[in-house]
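Shown next, in structure tokens, is the structure this report addresses.
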Protein chains: 2
Amino acid sequence: MPGMMDTILDLGLNDRSVRGLAAATGDERFAHDCYRRMLQMFGETVFGVPAARFADELAAVKAARGVEDDLDLDAADLREVAERNKALCAEIAGREVPEDPREQLDLAIEAVLASWTTQRAGLYRRQHGIADDLGTAVNVQAMVYGNRGTASGSGVAFTRDPATGEPGDYGDFLMTAQGEDVVSGVRTAMPLSQLRDVDPASYRRLRSIMGTLERHYRDMCDIEFTVEDGRLWILQTRVGQRSPTAAFRIAVDLVDEGWITEDEALLMVTGEQLTQLLVPQLDLTSAGREVVVGLGASPGAAVGRIALDSATAVTMAGRGEDVILVRSETRPEDLPGMVAAKGVLTGRGGRTSHAAVVARGMGLPAVCGVDALEIDTDRRQVSLSGRPVFAEGDLISLDGASGQVFRGRHRTIASEVTRWLDEGVDGGSVAPAVARLLAHADSVRRLGVRANADSAADVSRAMRFGAEGIGLCRTEHMFLGDRRTFVERVLLGDEVERDQALHELTALQREGFAAILDAADGRSVTIRLLDAPLHEFLPDLTELSVRVAMARQQGSLTDAAVRRLAAVRRIHEENPMTGLRGVRLAILRPELARAQVSAAFEAAADLRERGRPFDLELMVPLVSAVEELDLVARLVGEVADEVAERRGRVPYRLGTMVETPRAAVVAGRLAERAEFLSLGTNDLTQLTWGISRDDAERAFLSQYREVGVLRTSPFESIDREGVGALVAMTVSGARGTGHRVPVGVCGEHAGDPTSIHVFEELGVDYVSCSPFRIPVARLEAGRAALLHPATAEPPGRSDAVRDGLVGAR
Amino acid sequence: MPGMMDTILDLGLNDRSVRGLAAATGDERFAHDCYRRMLQMFGETVFGVPAARFADELAAVKAARGVEDDLDLDAADLREVAERNKALCAEIAGREVPEDPREQLDLAIEAVLASWTTQRAGLYRRQHGIADDLGTAVNVQAMVYGNRGTASGSGVAFTRDPATGEPGDYGDFLMTAQGEDVVSGVRTAMPLSQLRDVDPASYRRLRSIMGTLERHYRDMCDIEFTVEDGRLWILQTRVGQRSPTAAFRIAVDLVDEGWITEDEALLMVTGEQLTQLLVPQLDLTSAGREVVVGLGASPGAAVGRIALDSATAVTMAGRGEDVILVRSETRPEDLPGMVAAKGVLTGRGGRTSHAAVVARGMGLPAVCGVDALEIDTDRRQVSLSGRPVFAEGDLISLDGASGQVFRGRHRTIASEVTRWLDEGVDGGSVAPAVARLLAHADSVRRLGVRANADSAADVSRAMRFGAEGIGLCRTEHMFLGDRRTFVERVLLGDEVERDQALHELTALQREGFAAILDAADGRSVTIRLLDAPLHEFLPDLTELSVRVAMARQQGSLTDAAVRRLAAVRRIHEENPMTGLRGVRLAILRPELARAQVSAAFEAAADLRERGRPFDLELMVPLVSAVEELDLVARLVGEVADEVAERRGRVPYRLGTMVETPRAAVVAGRLAERAEFLSLGTNDLTQLTWGISRDDAERAFLSQYREVGVLRTSPFESIDREGVGALVAMTVSGARGTGHRVPVGVCGEHAGDPTSIHVFEELGVDYVSCSPFRIPVARLEAGRAALLHPATAEPPGRSDAVRDGLVGAR
């Protein structure tokens, strides 16, 4: 892995052969320099002696000699360093570095192989989704010596700038040095261009080899080289690591230079790289140490003042302040605060917690899962592990990619790509490269890309980001926050109150739908009937019980409060996720569904009156049985007839979600009635695994990853083996005898690169994701179309695996 | 349907033809008798005039004439009755009975066809699982007249006694009467044997025809006949309805008489009939009207005094009283009260509510879903629709089959079959017939039948009832009730408390397991690791929050209470059903699983020391991924090694439950590691449908049946289309390349007749149900083996459908 390469140079030297090397080369200093290096690297890698201890020994000898540079140490000094290193190994490891070269080699090979199982390596693999059972390899290579003398040296070269992608050579080198010196920074390396002056012959030869390698690999290469006594050796080359900016620049340049096709260029960039280009970055040049590091849950940089609840966040933002919402965890009622905030920080929850999911959907930077974080709402303070660190109103900066949280204000660097996509601002060099590859992705992809959007603003942004339609408009998002009471009034109120609430609801949604359909400008909009579990709309039973009990004790209890508690208790569910929601609510409380459907038809009729185009789809959530769909289809038909009488017939298509395993099993029969199927992979994952996402994120998913049950959360990347089988069932059901209806995926997986490749492989027709993920989805859909069906293994993972393998020598 | 036959006799009569009939027969009285009958039956069936209104008219005429018997009315009287009936029809229906016979016939046919869609018919079909779209048929038959004169009559005959199954003719007849008179009881019918004296020729002829019919149908027949002027006519015959007792007796007698094979006899009885024979019955000969009727949730009769909570029930039972536990609904903590009670009555919940499921499992009579029931725990009273009807301590009697609840003590009649199976008491005639057919079922069935049992007493009873082993021993049932605190101490306590609790737990379970293995007498016992959701073991968050808030206000709050609330809140789950339970708990809190596994191995070792045989299986619940099973298998292996060192190796098999849809999808891979798979169809149904059973029973399952989404609750009979597909996947996975592991079903469906036929069809290897359902499971497994694969439609339902069709003419 990059930065985790276990390398032992100069292996084979011992007390005897060091003398032979001195004699053969006539350079005693060189021989002892090699020996002390070998002892250090062997000690570190095989015995696990900390590198700092070796540095201490070297520093002690330099101090005794009064020299600053290693190069000023003579042969005797270096022999002393070697002796000290040997002693250090014996002291720490309790055993000597063996003299026998064969034994040295065996131990070194074992150590490299064993490095696969270290905790650090395991963590790295989990983070990058690399299988634990792949294993690593060992290279044994003859030595050439960059520390052979002043006509020798070592360096690292890139065929293009790995940070910017600029063409032209790039790299560092050091004379009289072995490779580790360049990387470790014990001496300041020189830019590669200076090699032309120092050793013009080697420089010319290197340039020529770099050209050969780039043409061979047809990609930017990373090369390690050594010059031994004026003779150039190439130690290793690989396709070079690069920044996201460089990735796009290089890919496009290679096309223009005629080395690769646009297809190949598309395969050289990833959605993950694009994600990084879409979010603002913190300028950390001046940053001190972070105060705390949590889970990078939604990438991007945010700076603002702390607000400890949603209402405060809204108030502060109203005053024109930038706000960071800091909560133990967020719930649907925190949505207004999240909308008002520039960033979110939570104590509990992982990458698929409510805060993380909603933040990613909004393109809002978020750091989650800061376990040590505690919020004292009385004192308006934030503590870490019991120590108060921030007060409400304090300025903080956070990086939602790395999870770092800093005190104070740090400069943020806006994303050129986002400004160009969203605001049409033409800035910088990378945006055109991104635009070109996105256009190519659009031209090759088979998967449609739609957006999940609940407001006209979201719809417009989604369109600018390239969405082909709105695959999911969640009507319940129209009445969260303050509007929560609508549902409470419908469910718990008396008839008068219920009718009034329904009336207001219809008016509100009609206006909302009209704006959304208008913003979509004739592209399809899929409106989903109310889906959220009841408890998201009702008062919390525990809080209400406490309030009523207290009021009773204080003698201030009202009949209304008693009735309300009784109503909430009656309707309270042990397991709201699998309770009265979705189609069940539409069947049992049809007045709610009628209000929504009628609002949608009226909105469409309003648009038609104004001469505006629209394409309306209605979608029924949580269907498990054909009979459920039939009942709602009848209800929708009745409302359609009512509206038609007054305003003429409004065309629409009716589809169903596939969110329960049963719906996947009976997809063939659903597809005989529905005009489209849309996989709600969040719920489908919850039910297929029998895991409540919110509970599991808190309680056990992270531990499941640690003990190796899971590599990634099934809520982040689709579980190919389990949930994927149900997706495949749905697709095959949708292509039954005599019918062929489109199958989409809405939900978080639809914007996840790895999952998109799975959906391509399984034959899904379109994905629908949050607006900010649209460019990533377009890119990955294009890549998936190129890769499929060449490999059954999702390429996202293959990339990671390849990187891992190349890195670990 | 029986008792719901829409019949219109004498159709075609009108003001003109009645005169013709009188002239043709020379019997004016007869003609008018027919006419007034026709008008009444037409009025009832076509116009919906209540029968009581016609009875009033008849009574008025009789009163005016001063006669008691219809036979004493003369022609003029009967003409007046006919006129009154006509007027009544016109008054109530607002239209005349048509004169045109063709019009009469058309209206009559329409009315019979329309009777299919009445609410009452719909209810009947839902109760009997008959499809709504089957429709009904209409027979049009020429009339013969039993009211033609004294040499005429009508009757109903059975070829054997439908109540007891005794051979020999049985029935009723009336001279000078049409068939409706015999059924309606307006006159007291005579026993069939008297026909021999009244009309010996017809009697002999009828006897001969009865013999012919029984030989033809090879079953007991129900015959309607009419004698017209000394000539016998057979109007209709069908295979006769019979009591459960008669069903077994007749089936066995027909075998002995050589008419049918034992296979055929087995197909003539049902598990539902056997269930009724297994439970005590209320002797209702002296019963008045019931106080209320709920849902018959667990059959059997119970008499006892009302207890309004579990603790009171235990106390009262401790005093030697018979107790009926009356609750709004039951929860796991009510189990001690249910164990102490003779019967259960609840206000909320359907046939698959907690109360119903647990009661059926215990063979405890239960009436559930009495919506009007309210419990006032302050006044210790039970109200119905706001009116107090019972006080705690009052004597009530209930019938868990019909759902009736009576005031006071009614005699109960113990089940002969249960006494014979359970106590070896040889009583009565039916037990031998049951024994013989059960033995035959055992000889033909392919499905194994095991029991779910959590105590040695349950195991012993299961063995007496014919269980081949214990397919599910729920360890969590060992520490419900008072022992709940064990889990709380392990999860929430400090290290010392946790270790102490684990120590006690191990000792407790070791003793329990040893008793269970001992009682199983060498048959296999499948011990399942802790499965129940956390909230079943922890204090209720709402109650605790209220208590803490009140204590805080009263200044009596302790630090311990605050800590406990914080701990409960931390561990509280939004959706416990899909939270930290089963294998997840075993992986995250391995100390609990270790304690259980170690207790099981030690118990087995204890038995071996005592020279007793045992066959131990360990089962992991809620597995979704192979990796989970691997981790627990490793843990079990470690504990096995530890115990082996001290006490020698204990043989065991390790299996997994298939409760999540994902487990069904990956069953093939699970089967490579597990030695058996056991389908937990309760959870599998919850997850496949995305329905929380407890919530759904209260909130929408019954309404779903009413609107036709469901015919039966998927928690009662397995959902063949949806969940069945996952069962099939599991079975096919278990028979993968290179392995073949047994697949069982534990959970409520395993004892449900309809479901057992589905499991037979899908190739499941064994079912495991509660001890009281073992005989039913054996019987149905035998029947299923005979019927499969002749029909894909479960025969349980076909029976019901056939009955329905035969009934509705």
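Proteins get letters first, then strands, A, B, ... in listed order; numbering begins at 1 in each.
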For this session: Answer with yes or no whether the side chains of B:Glu628 and A:Tyr704 bring together a donor and an acceptor at under 3.5 Å.
Result: yes

Exercise. Which residues, numbered in order, of residues 662-672 of chain B come under 4.5 angstrom of chain A by heavy-atom distance?
Worked result: B:Arg662, B:Val665, B:Val666, B:Arg669

Exercise. What part of B:Gln703 is in contact with chain A, defined as an atom under 4.5 angstrom from a non-hydrogen atom: side chain, backbone, both or neither?
Worked result: side chain

Exercise. Shortest non-hydrogen contact from A:Pro661 to B:Leu687?
Worked result: CD-O, 3.3 Å

Exercise. For B:Asn575, is it the side chain, the backbone, both or neither that has a heavy atom under 4.5 Å from a heavy atom of chain A?
Worked result: both

Problem set entry | chain B contact via A:Leu580 - which portion, at a heavy-atom distance below 4.5 Å | both

Exercise. Any side-chain heavy atom of B:Val709 within less than 4.5 Å of one from A:Ile587?
Worked result: yes

Problem set entry | Toward chain A, the part of B:Ala696 with a non-hydrogen atom under 4.5 Å | neither

Seminar exercise, completed: So, the part of B:Arg569 with a heavy atom under 4.5 Å from chain A: the answer is backbone

Seminar exercise, completed: Scored by heavy-atom pairs under 4.5 Å with chain B, the best of A:Leu726, A:Asp719, A:Thr688, A:Val546 is A:Thr688

Exercise. Under 4.5 Å between any side-chain heavy atoms of B:Met577 and A:Glu574, yes or no?
Worked result: no

Seminar exercise, completed: Heaviest contributor of heavy-atom pairs below 4.5 Å to chain B, chosen from A:Arg570, A:Glu627, A:Gln686, is A:Glu627

For this session: Please list, chain by chain and in numerical order, all residues satisfying side chain to side chain donor-acceptor pair (under 3.5 Å) with A:Arg673, sequence neighbours excluded.
Result: A:Asp630

Problem set entry | Contacting region of B:Ile691 [heavy-atom separation from chain A under 4.5 Å] | both

